[in-house]
Protein chains: 2
Amino acid sequence: MAQNTFQTLRDEIENGIVTGEFAPGERLDEAQLAARFGVSRTPIREALMQLSAIGLVETRPRRGATVVDPGPNRIFEMFEVMAQLESMAGALAARRHTEEDRAAILKSHAECERSAQSGETDSYYYNNEVFHRAIYAASHSGFLEEQCIALHRRLRPYRRLQLRVRNRMKVSFGEHAAIVEAILAGQADAASRLLRDHIAVQGDRFSDLIANLDRRSKPGAGSQGR
Amino acid sequence: MAQNTFQTLRDEIENGIVTGEFAPGERLDEAQLAARFGVSRTPIREALMQLSAIGLVETRPRRGATVVDPGPNRIFEMFEVMAQLESMAGALAARRHTEEDRAAILKSHAECERSAQSGETDSYYYNNEVFHRAIYAASHSGFLEEQCIALHRRLRPYRRLQLRVRNRMKVSFGEHAAIVEAILAGQADAASRLLRDHIAVQGDRFSDLIANLDRRSKPGAGSQGR
DNA sequence: CCGCGACATATTGAATGCATGAATGAAGTT
DNA sequence: AACTTCATTCATGCATTCAATATGTCGCGG
């Protein structure tokens with residue numbers, strides 16, 4: 001790996017953000033982080049710079065860095081864009097997928113099935129990511145693949161919430177099956193449409209979730225366990 | 001703006017990259033840049049970190065930062081994604097645009113017309129950007145708008161090449177007219193399709209351009225894709 | 001009693017210094 | 001003569017230090 005310190009730190013902090021260890025809106029104190037990781041402030045700053053450029057943290061001059069809080073509306077917008085990009089990846093994959101792509105998609109799809117049937121949400125969550133990445137790769141557009149992976153990462157925490165919803169995992173797997181069929185049959189339009197719906201529905205579900213949470217708990221500022 | 005030093009530097013270097021002052025593949029020496037801008041190496045490093053996170057420069061451990069050279073293939077992929085995002089923005093704009101959006105679109109469109117008729121490519125280039133940004137804004141999706149602006153910036157140098165092509169400016173303006181009509185009439189599908197083609201044709205033209213350049217000059221240093 | 005202003009403190013932003021690793025050149029060996 | 005190896009040099013990466021600014025508190029005046 002030969003990772004440099006600041007790259008390791010960047011991944012570490014990014015991971016802390018998407019896993020919710022650092023809550024949205026939380027202030028990221030440089031000295032504190034430096035002490036925690038046992039390094040100087042310099043590499044911490046460099047890591048925060050990169051995260052700031054990506055859009056995960058917000059740095060205001062002289063006022064430090066805070067974990068960005070997208071807000072429900074912005075998150076919904078991100079799902080919309082994600083849907084558009086995934087649908088594009090699906091269309092390209094339908095037209096361009098090779099034999100290896102086909103094998104990778106089928107394999108990850110099978111893994112998803114196993115997780116779905118045994119009801120292991122964590123496992124499904126992981127395999128779902130592998131599945132979607134297989135589609136990105138099959139699009140044979142390196143840039144699109146990168147964009148999709150980046151957005152997928154950013155949406156990870158919000159996606160995770162949804163698998164807890166009743167039956168979502170089974171439904172999701174059912175959608176996967178149709179998507180696989182369309183892609184492997186080379187039906188670009190169908191793959192595009194199915195993937196768009198597959199992602200868009202997550203945005204809708206997220207909205208529903210937010211609406212419910214808002215109704216239920218008004219002062220619940222932080223992370224809702226459930 | 002009262003930007004901080006490193007933010008100013010970031011914009012400065014980014015600008016230098018998209019204007020071609022820093023050639024693709026060129027090594028960005030920290031000390032050199034520091035001397036040039038009259039600052040220490042620290043803010044330079046921070047600026048390079050951000051650019052690295054955006055994808056404009058590539059930093060390899062212990063080997064410094066170089067301007068990233070996407071290569072023809074990658075650039076074409078970027079145009080493809082841009083087309084998809086713009087088409088999405090157009091569809092949303094058709095459905096959501098307000099009276100102010102309508103005014104902004106018409107105004108920038110008129111500016112484009114003036115530039116096109118007087119044949120001023122530089123002016124058209126600028127007004128074209130304003131026009132497209134008006135559409136992004138009319139989509140009323142803050143996240144989509146940001147993504148579009150960022151990608152537009154990155155594609156700026158390659159887009160600029162194309163306006164020199166014979167008659168491209170007039171053709172481009174004609175496409176704009178149809179796009180405006182569709183958006184203002186609320187025809188989301190038409191707007192989407194027209195915008196996709198409008199951008200996609202730029203990717204195609206870029207490919208043609210590259211093909212020509214390759215044929216003409218073989219030992220041309222930098223840009224090698226694939 | 002409330003509001004405004006000045007000062008102290010703490011945190012960020014920039015500069016400098018030092019160590020490590022990579023690139024380059026020369027010298028020796030095959 | 002060419003290839004390999006070692007030493008030297010220089011850029012990068014991190015730590016430390018110095019400076020500037022925002023925030024919070026205390027005091028004074030209305």
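Naming convention: chains lettered A, B, ... in sequence-line order (proteins, then strands); numbering from 1 in each chain.
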Hey, is the side chain of B:Arg62 pairing donor to acceptor with the base of C:dT20 inside 3.5 Å?
-> yes
Counting heavy atoms from C-beta on, name the nucleotide in C:dA14, C:dG13, C:dT11 closest to the side chain of A:Arg45.
-> C:dG13
Would one find a side-chain N or O of A:Thr42 under 4.0 angstrom from OP1 or OP2 of D:dA15?
-> no
How long is the line joining CZ of B:Arg41 and P of D:dT12, in whole Å?
-> 7 Å
Does the side-chain contact (heavy atoms from CB on, under 4.5 Å) test come out yes or no for B:Phe6 and B:Ile44, once each step is laid out?
-> CA-CA 7 Å; B:Phe6 76 88; B:Ile44 296 283; over 6 Å; no
For the side chain of B:Pro43, counting heavy atoms from C-beta on, which of D:dA15, D:dG13, C:dA15 is nearest?
-> C:dA15
Using whole Å, report how far CG of A:Leu28 lies from C1' of C:dT12.
-> 14 Å
D:dT23 P sits how many Å from A:Arg63 CZ, rounded?
-> 5 Å
Determine, step by step, whether B:Glu21 and B:Arg36 satisfy the salt bridge (Lys or Arg N to Asp or Glu O under 4.0 Å) criterion, reporting the C-alpha distance in whole Å, the side-chain angles of both residues, the deciding distance to 0.1 Å, and the verdict.
-> CA-CA 14 Å; B:Glu21 185 179 355; B:Arg36 165 169 175 173; 2.6 Å; yes
Using modelled atom types only, decide if a donor and an acceptor are shared between the side chain of B:Glu111 and the backbone of B:Asn127 within a distance under 3.5 Å.
-> no
Take the protein atom CD of B:Glu30 and the nucleotide atom P of C:dA15, then report the distance between them rounded to whole Å.
-> 13 Å
Are B:Thr98 and B:Asp101 linked by a side-chain donor-acceptor pair shorter than 3.5 Å?
-> yes
